[in-house]
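First listed ligand is number 1; within each ligand, the first listed atom is number 1.
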Amino acid sequence: MSSVRLFFALWPSPSLAASLAGWAEQARPTTGGRVMRTETLHLTLAFLGPVDAQLADTLAAATPGHQLPAGEVALDHYGVFSRQRILWAGPRQTPAGLQAAHDSLWQWLADFGLTAPPQPFRPHVTLLRNIEHAQPPDTTPAPLSWRYDRMVLVASESLTGGSRYRIVAQSRPAG
Ligand code: 2AM
């Protein structure tokens with residue numbers, strides 16, 4: 001059976017994405033690497049990996065019925081995943097509300113037979129890939145406040161030269 005690579009994410013507004021693109025430009029002289037396209041920037045809540053097409057359809061149909069608890073996260077930190085050669089923006093500390101949103105999402109996903117990975121949740125927005133220097137810049141731009149009230153389900157399609165993301169569903173906005 002065919003499969004689809006899926007993940008749930010917070011998707012920034014265009015103005016927040018533009019600010020994040022500024023963070024990427026500011027870091028690039030220090031770290032090198034390839035800038036992510038502004039319209040693809042996101043914060044992954046749950047990476048599902050390849051799921052079979054039937055489950056993908058079920059999840060897309062169920063997502064509008066799920067409500068993510070609304071909250072706010074401050075992006076105030078540059079971080080590096082040196083093994084993956086990624087420079088990212090994220091919160092220095094994971095806010096309790098975002099952790100709870102992540103945990104409740106995985107509780108809901110258990111109903112579909114999906115299990116959370118054992119690794120802790122590390123909320124981040126990947127800004128640069130294939131970085132050459134694993135030391136982030138000394139100075140960080142002004143923090144960005146991200147208020148969220150929904151998540152999106154995204155299908156990731158591999159293409160030569162990168163991935164294409166397609167938003168296939170959106171959760172019911174909180175409030
Ligand atoms: P990354 O930006 O840190 O690579 C689509 O690939 C999204 O899913 C990206 O946000 C990516 O995070 C994330 N992702 C890919 N593989 C993952 C994995 N094994 N565990 C957690 N997140 C993953």
(request) Give the cluster check for Leu20 versus Leu87: same hydrophobic cluster or not, with ILVMFWY residues linked at side-chain heavy-atom distances below 4.5 Å. (result) yes
(request) Report yes or no: does Ser163 contribute a side-chain atom to a donor-acceptor pair with the main-chain N or O of Leu159 at less than 3.5 Å? (result) no
(message) Could you identify the single nearest non-hydrogen protein atom to atom 12 (O) of ligand 1 and state the distance to 0.1 Å?
(response) His124 NE2, 4.0 Å
(request) Would you kindly specify which portion of Val154 sits under 4.0 Å from ligand 1, judged on non-hydrogen atoms: side chain, backbone, both or neither? (result) neither
(message) With respect to Thr126, determine whether any N or O atom, backbone or side chain, lies less than 3.5 Å from an N or O atom of ligand 1.
(response) yes
(request) Heavy-atom contacts with Thr44 under 4.0 Å: which atoms of ligand 1 show up? List them by number with element. (result) 7 (C), 8 (O), 9 (C), 10 (O), 13 (C)
(message) Heavy atoms only: which of Tyr165, Phe47, Phe7 lies closest to atom 19 (N) of ligand 1?
(response) Phe47
(request) With the side chain counted from C-beta on, respond yes when Leu59 and Leu109 share a heavy-atom pair under 4.5 Å apart, and no when they do not. (result) yes
(message) Taking only non-hydrogen atoms of Arg129, do any sit less than 4.0 angstrom from ligand 1?
(response) yes
(request) Verify the cluster assignment for Phe8 and Leu98: are they in a single hydrophobic cluster under the rule of side-chain heavy atoms below 4.5 Å apart? (result) yes
(request) Out of His42, Gln84, Arg122, indicate the one that has the non-hydrogen atom closest to atom 9 (C) of ligand 1. (result) His42
(message) For the backbone of Arg92 and the side chain of Asp76, can you confirm whether one donor and one acceptor N or O come within less than 3.5 Å of each other?
(response) yes
(message) Contact between Val73 and Pro123 at the side-chain level, heavy atoms closer than 4.5 Å - yes or no?
(response) no
(request) Identify, for atom 6 (O) of ligand 1, the protein heavy atom at the shortest distance, and state residue, atom and that distance. (result) Arg5 NH1, 3.7 Å
